[in-house]
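Just follow the structure's listing: the first ligand is 1, and inside any ligand the first atom is 1. Computed from a prediction, not measured in an experiment: that's the story for all the values here. Here, residue 1 is the first one in the sequence, and each next residue gets the next number.
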Amino acid sequence: MKNEWKRIWNSKKTEKDILELEDILKLNGYDTRFAGDFAKIFIKRIKDVTKYFHFKPEDIILDAGCGAGAFLWFLKHQKIKFKNYIGIDYSLSLLEAFKHNPYYSNSLTLLNSELAYIPLQNYSVDKIFCYSVFLYFENIQYAIKVLNEFDRILKYNGEIIISDIPDINKKVAHETFRKSLIGEEKYNELYKNLHHLYYDRRFFLNFFKSKYHIEIFDLHDINYPNSLFRFSVYLKRK
Ligand SMILES: C[S@@+](CC[C@H](N)C(=O)[O-])C[C@H]1O[C@@H](n2cnc3c(N)ncnc32)[C@H](O)[C@@H]1O
């Protein structure tokens, strides 16, 4: 099956000099039609997800699939202290847009790369945050390459959060819901080459079981209906 997500992400651009969080979220592909104030919903969700992280001022944080930098916006807005922020994304146009994020500075590291080949050294980051990215991967083999990269670059005692992962057990219900929003015909036309990849929770449990403490959790929020069909994973390296 053809996967055209990369082309879509590479077409996201902005004309604005300074982006508001709403602009960043729109560039990052969030469908804001469900609620009046999607920015507030997003901040609450990220607060709930990152509760699992033990942030430290000396942290080197990797935002894997950073888009235009909504997570950096969150870290700064919440006054979370860290040493370095590294953003990686395969979309050059989104990394260009990132430079219009009010919290962008040229001391940040932005890398244009596929997550399957992360240009960072072994044991070089303390935290990996990966929100709403795994659904765009081509197949499970690609996801395995990404997990191997995360494992390679994470320091001892490092932590990973992978969130907004489509649940294979809810695939039929989710697709039925998504079709109901725009009608089946339009859905089939629009998403012909834009599939989402669904995962079994056991995929993450089995991959990480011996080296990591692992927790799988749900973050259901009716204001973000996709969340009803998705799950999140917290990992701490033993
Ligand atoms: C829905 S956006 C999420 C952006 C950001 N994580 C957030 O939560 O606001 C998905 C992002 O993942 C990036 N992405 C998807 N697949 C990728 C891959 N294989 N390698 C690198 N970046 C990828 C896209 O370019 C896009 O910026």
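Numbered from 1 in the order shown, with element, the atoms of ligand 1 that lie under 4.0 Å from a heavy atom of Glu114 read 19 (N), 20 (N). Close approach of ligand 1 to Gly67 is summarised as follows: ligand atoms under 4.0 Å from at least one heavy atom of the residue are 27 (O). Every atom of ligand 1 with a heavy atom of Ser91 under 4.0 Å away is listed here by number and element: 25 (O). Distances below 4.0 Å separate heavy atoms of Ala70 from the following atoms of ligand 1: 9 (O).
Within 6.0 Å of atom CZ in Arg152, more than 12 heavy atoms from other residues, nucleotides or ligands are found, so the atom counts as buried in its surroundings. Annotation for Lys145: atom NZ does not count as buried by contact number, only 12 or fewer foreign heavy atoms lying within 6.0 Å. Other residues, nucleotides and ligands contribute over 12 non-hydrogen atoms within 6.0 Å of the NZ atom of Lys56.
Under 4.0 angstrom from ligand 1, the non-hydrogen atoms of Ser113 all belong to its backbone. The proximity of Tyr142 to ligand 1, defined as any non-hydrogen pair under 4.0 Å, is limited to the side chain. By the criterion of a heavy-atom distance under 4.0 Å, the side chain of Tyr136, and not its backbone, is placed next to ligand 1. Within the 4.0 Å heavy-atom criterion, both parts of Tyr131, backbone and side chain, lie near ligand 1.
A donor-acceptor contact closer than 3.5 angstrom links the side chains of Tyr234 and Glu159.
A salt bridge is defined here as a Lys NZ or Arg NE, NH1 or NH2 lying under 4.0 Å from an Asp or Glu carboxylate O, and Lys171 with Asp167 fails to meet this definition. Salt bridge annotation for Lys6-Glu114: present, with a cationic side-chain nitrogen under 4.0 angstrom from a carboxylate oxygen. Asp151 has a carboxylate O that lies under 4.0 Å from a charged side-chain N of Arg237, or vice versa, which qualifies the two as a salt bridge.
In this structure, Phe71 has its ring center no closer than 6.0 Å to that of Tyr85.
For atom 14 (N) of ligand 1, the nearest non-hydrogen atom of the protein is Tyr90 CE1, 3.6 Å. Ranking protein heavy atoms by distance to atom 8 (O) of ligand 1, first place goes to Tyr30 OH, 2.6 Å.
Below 3.5 Å of separation, one finds an N or O of Asp89 facing an N or O of ligand 1. Geometrically, ligand 1 and Ser132 share no nitrogen or oxygen pair separated by less than 3.5 Å. Between Gly65 and ligand 1, an N or O atom pair is found at a separation short of 3.5 Å.
Ring geometry for His77 versus Trp73: interplanar angle under 30°, hence parallel rather than tilted (30 to 60°).
Taking only non-hydrogen atoms, the option from Asn10, Ile88, Asn28, Leu115 nearest to atom 1 (C) of ligand 1 is Asn28.
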